[in-house]
Amino acid sequence: MDCAGIGLHSGAPVQLRILPAPPGSGIVFRRVDLDGFEVEASSRNVARVSYATSLMKKGVLISTTEHLLSAFIGTGIDNAIVELDNLELPILDGSAQPFVELIEKAGIRRQRRPRTYLRIRRQLELREGNKFIGIYPAEGYSVEYSINFPHPLIGKETFSLDLTGGNYFTEIAPARTFGFLHEADAMRRQGLIRGASADNAIVLTPDGIMNPPLRFTDEFVRHKVLDLIGDLALVGKQILGTVVADRAGHAMHTALVSRLLRDHTLWEETSSEQEAHPRAMVLEAAQRA
């Protein structure tokens, strides 16, 4: 299945298509405008992580990957090829929901090879000023995120989610990205948010929002959870562990992934032959209307 839109930061038009991939492939981005050059969704390819998470391999860029990667984790997709004809994924409505719908339309099937998990064995914590992120041993996969913005609609918000409970579709996927109107001009001068609009982001004014209504009263922190799930997908496997973050952001999310993968005493690979939950499903060739 395919979709079209513009990049949030580049403002460039882009078409995207999701294709099935064999077991063990992982998520692979393919630039069809560059002779099909492929960039794996892996920590080793992380490039820029300021206002979005971008991947680069041999100078080829894949920008703003986090929303689609989050949707893959939320829907349990382990293996897929993502074709696009420009450097940045489409922002669509600013959430992961359109990607979830695209994946479901394409059809989801089990593959025969057992899924491999990254089971956390020892905790890892990173701190930077008042920012924090940590990952801890657990039987399932859960996340907890706290944010604190000096805005009347935000302030301090905390949200937690057990991803093994199947709540991603209703609790996280619809949450949109957001930005502050007073920062827009400065960000555009930096070459950012050239494709941003009230159609693809929550636009915060000094005392409210330009484009109500919110989808959740705490939509802001839910979107940070969405981003976190997408960034942690760069581990390359489904995680068994608990992640706690406070005002972390993309750079700390991806730093956690990098530190985690470098220290093999922190985790072990494990697999399970029997799983009843939809997270065990993966994209296959049969496509449904």
Side-chain angles (χ1 to χ4, degrees), residues 1-18 29 33 48-54 61-72 74-75 82-106 147 149 151-154 157 159 168-231 249-250:
M1 299 297 293
D2 54 14
C3 65
I6 61 169
L8 174 65
H9 295 295
S10 65
V14 58
Q15 290 191 317
L16 180 145
R17 187 180 183 207
I18 300 173
F29 292 97
D33 59 320
R48 297 200 296 262
V49 281
S50 53
Y51 292 95
T53 298
S54 300
L61 187 66
I62 307 288
S63 188
T64 315
T65 61
E66 60 269 21
H67 297 175
L68 178 56
L69 291 178
S70 184
F72 281 142
T75 53
V82 181
E83 291 188 342
L84 64 162
D85 63 358
N86 216 320
L87 58 82
E88 186 176 19
L89 275 69
I91 188 62
L92 303 178
D93 74 346
S95 77
Q97 188 164 279
F99 290 126
V100 168
E101 292 170 356
L102 192 69
I103 291 164
E104 290 184 324
K105 285 178 184 176
I147 61 173
F149 287 93
H151 188 278
L153 289 184
I154 309 179
E157 293 183 346
F159 191 83
Y168 180 89
F169 305 92
T170 57
E171 303 297 323
I172 298 299
R176 296 161 295 169
T177 192
F178 60 94
F180 297 89
L181 185 61
H182 71 274
E183 296 178 349
D185 288 343
M187 291 181 71
R188 288 194 177 97
R189 284 194 295 271
Q190 297 175 56
L192 299 168
I193 65 166
R194 291 173 177 170
S197 73
D199 294 326
N200 56 37
I202 304 167
V203 182
L204 287 143
T205 61
D207 56 0
I209 61 173
M210 181 185 291
N211 50 339
L214 291 173
R215 295 177 178 176
F216 309 95
T217 56
D218 57 354
E219 187 168 359
F220 309 100
V221 70
R222 289 176 191 246
H223 185 77
K224 292 297 185 181
V225 170
L226 186 158
D227 282 345
L228 173 65
I229 292 166
D231 289 339
H250 292 297

| remark: Value for CG (L8) from CZ (R194), rounded to nearest 0.5 Å, stands at 12.0 Å
| Heavy-atom closest contact (P90 atom, C3 atom, distance) | CG-SG, 4.2 Å
| query | Out of curiosity, Q97 CD to I172 CD1, how far, rounded to the nearest 0.5 Å? | reply | 12.0 Å
| query | Do H223 and H67 have side chains that get closer than 4.5 Å, going by heavy atoms? | reply | yes
| Shortest non-hydrogen contact from F220 to L153? | CE1-O, 3.7 Å
| query | Which pairs with one or both residues in residues 87-96 pass side-chain hydrogen bond (donor to acceptor under 3.5 Å, both in side chains), sequence neighbours excluded? | reply | S10-E88, T64-E88, D93-S95, D93-R215
| task | Kindly give the heavy-atom pair with the smallest separation between Y51 and E66, and that separation in Å. | result | O-OE2, 4.3 Å
| message | Treating S70 as the side-chain partner and L226 as the backbone partner, does any N or O pair qualify as donor plus acceptor under 3.5 Å? | response | yes
| Does T53 reach the side chain of L69, with side-chain heavy atoms less than 4.5 Å apart? | no
| request: Taking N211 for its side chain and D199 for its backbone only, find out whether a donor-acceptor pair lies under 3.5 Å. | output: no
| query | How far does CG of L204 sit from CE of M210, to the nearest 0.5 angstrom? | reply | 9.5 Å
| request: Check whether any side-chain heavy atom of I62 sits under 4.5 Å from a side-chain heavy atom of L89, and report yes or no. | output: yes
| Run the side-chain contact (heavy atoms from CB on, under 4.5 Å) check on D85 and V14 step by step: do they pass? | CA-CA 6 Å; D85 63 358; V14 58; 3.5 Å; yes
| query | Any idea which heavy atoms bring A71 and F99 closest together, and the distance? | reply | CB-CB, 3.7 Å
| remark: To the nearest 0.5 Å, atom CD1 of I154 lies from atom CD of E219 at 10.5 Å
| task | Would you confirm whether N200, through its side chain, and S197, through its main-chain N or O, come within 3.5 Å as a donor-acceptor pair? | result | yes
| query | With a 4.5 Å limit on heavy-atom distance, are the side chains of V82 and T65 in contact? | reply | no
| field | Exercise: identify the closest heavy-atom pair between L84 and D33 | value | O-OD1, 3.7 Å
| request: Considering non-hydrogen atoms only, spot the tightest contact between R188 and A196 and give its length. | output: NH2-O, 3.8 Å
| message | Distance check, rounded to the nearest 0.5 Å: D227 atom CG versus T177 atom OG1? | response | 6.5 Å
| field | Any D2 side-chain heavy atom under 4.5 Å of Q15 side chain | value | no
| task | Describe, in one word, how the ring planes of F180 and H182 are oriented to each other, choosing from parallel (under 30°), tilted (30 to 60°) and perpendicular (over 60°). | result | tilted
| Does V221 offer a backbone N or O that forms a donor-acceptor pair with the side chain of E157 under 3.5 Å? | yes
| said: Within the 4.5 Å heavy-atom criterion, are I209 and F178 side-chain neighbours or not? | reply: no
| query | With a 4.5 Å limit on heavy-atom distance, are the side chains of E104 and F169 in contact? | reply | yes
| note | In this structure, OH of Y168 is separated from OG1 of T75 (nearest 0.5 Å) by 8.0 Å
